[in-house]
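Taking it in order: structure first as structure tokens, then the write-up.
Since we're looking at a predicted model, the values are computed, not measured. Note on naming: letters A, B, ... go to the chains in the order of the sequence lines (proteins, then strands), and numbering restarts at 1 for each one.
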Amino acid sequence: MRGRMLRNHAFRALPALAAASSLLLAWEIYCRLSGISETTLPAPSQVLQQAWLNRDALWLNTVPTLRATLFGFSLSLVLAFLLSVVIDFSSLMRRALFPIFIASQTLPLVAIAPLVVLWFGFGLLPKILLVALVTFFPMLVALAEGYGSTEREVEDLLASMGASRWKRFWLARLPSALPYFFAGLRISITYAVVAAIFAEYAGAARGLGIYMLNAKNNFRPDLVLAAVLVSSLLTMLLFSATWAVQRMAAPWIDGTSRRRP
Amino acid sequence: MTAPLLSLDRISLSYGEIDVLRDVSLDVMPGEFVSILGPSGAGKSTIFKLLTGAVAARSGEIRFAGRPLAPTDRPFAFMPQRDALMPWRRIIDNTTLGLEVQGLRRKQAHQRVRPLFEEFGLAGFEQHYPHALSGGMRQRAALLRTVVQDRPVLLIDEPFGALDALTRNQMQIWLEAMWLKHRWTIILITHDVREAVMLSDRIHLLSPRPARVEQTIAVPLPRPRFSHPTARAEAATIETSILDFLLSPQIQEQQGQLP
């Protein structure tokens, strides 16, 4: 049973693997045949080789990025949750705050990142803030929509039982929001790594962002791409982690979503 | 004759401009199975909302056990249309929802419902999530959730409407058997004439909106009706007369006036 499931997974992953390998192969062949300079476009094999040779440096620069991502994302989750509760309980607060949240999403990261570094220095704090700024809004919207998705009948039922507003939130609205929460989590986590790298790009002592910047300035596109590879792997790892967390925290979501049309 | 357990006395209610209930009067005896039957949109569910305190009447009085119903009184356990089971709660935790709202600890609540699973045909499914259950089982779980609240009156809103015909029949047979055993006081909302006739002691027939009680029909048939040799044939006669009434020009005309 388990063996078959694994085989099925492998089978399902096959098209993606085939497509990715074909692209890489085409890239490799192009680099070899066209004679393009490796300081312009390095071949994938060279990127992999350099990534391996520079693994210590890459790892040293991955840790701060991962730290900024996770801290920033945690901050964003806490804020998004608290504020989602506030606006769920008070429509006045919703009307007051929501436009500000939306405005926060219109700030171009290119402009705001150097400023945040200017205000808060080259340490961890500006990175955390920028990651939080980028990921906060999708999480807030996911939660708010999730609360709103609560079935009317479930709320009527709880009201008929004499449940207070707080109990209705705790017993119905919050759990109803979980599928939305996890969907939002998967979207935001992919923004989070990018935001951390961007923050580092604007100024940092260590991190994948500053590593990429230095590699570029030294005409080493192979190392830029090696760092890109690491950041992609990081994002995919975090993305998969959200599925794992969902399966542990809310195993019922799988079953229900399959039954939905 | 005993006094009614619940009576609605000339209840009128409107949502904004729309008159939903106009002078609705009906009563329910202790241990009686009563149906409220009416066309869709007549305001049947509004009567339940009124009883559970979700909406307030413009005029009229609700009396429970001879006394006016205070807003904080909750003598009703409500079973909403569809099952409203929470997909994130296991079946046992769904059935204890009302007890938890009442402030009972989860463990005590479990102890209270566990012995009932057998009778409700749910034994072995305590730890399942609702999506793993069939429609009929979900309805039984929903009824269990309603019954364990231990309220004097059960309010059941079109419980079997979403089920397939065969399952619906099985559920009706089962519900009658359960009622014969426990003698709960039940108010059932339905637009299924046969269901009302087969299950109820009395049927309050509502007019189209604004609803009032058009007729109250006693159904003095022997029970259990589904297995009784003559009850089904007699039920068919009553069903026909109710349908004739609902389809009569006078009623149809009122419905025609609806927007």
Q. Is the CZ atom of A:F98 crowded by more than 12 outside heavy atoms at less than 6.0 Å?
A. yes

Q. Which one of B:K49, B:R89, B:Q102, B:R145 has the most heavy-atom pairs closer than 4.5 Å to chain A?
A. B:R145

Q. Given a strict heavy-atom distance threshold of 4.5 Å, which part of B:F78 is in contact with chain A: side chain, backbone, both, or neither?
A. both

Q | Atom group of B:R90 that falls short of 4.5 Å from chain A, counting heavy atoms | A | neither

(Q) Measuring from atom OG of A:S176 to atom CE of B:M86, what distance do you get when rounded to the nearest 0.5 angstrom? (A) 7.0 Å

**Q.** Contact summary for A:K167 and B:G103, nearest pair of heavy atoms
**A.** NZ-N, 4.5 Å

**Q.** chain B contacts, top residue of A:S164, A:A172, A:P251, A:A159 (heavy-atom pairs, under 4.5 Å)
**A.** A:A172

Q.
Counting neighbours of CZ on B:R10 that are heavy atoms of other residues, nucleotides or ligands and sit closer than 6.0 Å, is the number greater than 12?
A. no

Q. Measuring from B:D157:CG to A:L157:CG, what's the distance to the nearest 0.5 Å?
A. 11.5 Å

Q) Within a reach of under 6.0 Å around CZ of B:R105, are more than 12 heavy atoms found that belong to other residues, nucleotides or ligands? A) no

**Q.** Which atoms of B:L51 approach chain A - backbone, side chain, both or neither, heavy atom under 4.5 Å
**A.** neither

**Q.** Straight-line distance of B:L155 CG to A:S160 OG, nearest 0.5 Å
**A.** 8.0 Å

Q. Between B:Q149, B:M79, B:R151, which shows the greatest number of heavy-atom pairs under 4.5 Å with chain A?
A. B:Q149

Q: Could you tell me which portion of A:A250 (side chain, backbone, both or neither) has an atom closer than 4.5 angstrom to a non-hydrogen atom of chain B?
A: neither

Q. Where do B:P80 and A:E153 come nearest, in terms of heavy atoms and distance?
A. CB-CG, 4.0 Å

Q.
Tell me whether B:R22 at atom CZ has more than 12 heavy atoms from other residues, nucleotides or ligands lying less than 6.0 Å away.
A. no

Q. Are there more than 12 heavy atoms of other residues, nucleotides or ligands under 6.0 Å from atom CZ of B:F64?
A. yes

Q) Roughly how far apart are A:E151 CD and B:R82 CZ, rounded to 0.5 Å? A) 5.0 Å

Q. Between atom OG1 of B:T52 and atom CE of A:M161, what is the distance when rounded to the nearest 0.5 Å?
A. 11.5 Å

**Q.** Distance, nearest 0.5 Å, that separates CH2 of B:W88 from CG of A:L171
**A.** 8.5 Å

Q. Are any non-hydrogen side-chain atoms of A:D254 and B:H131 less than 4.5 angstrom apart?
A. no

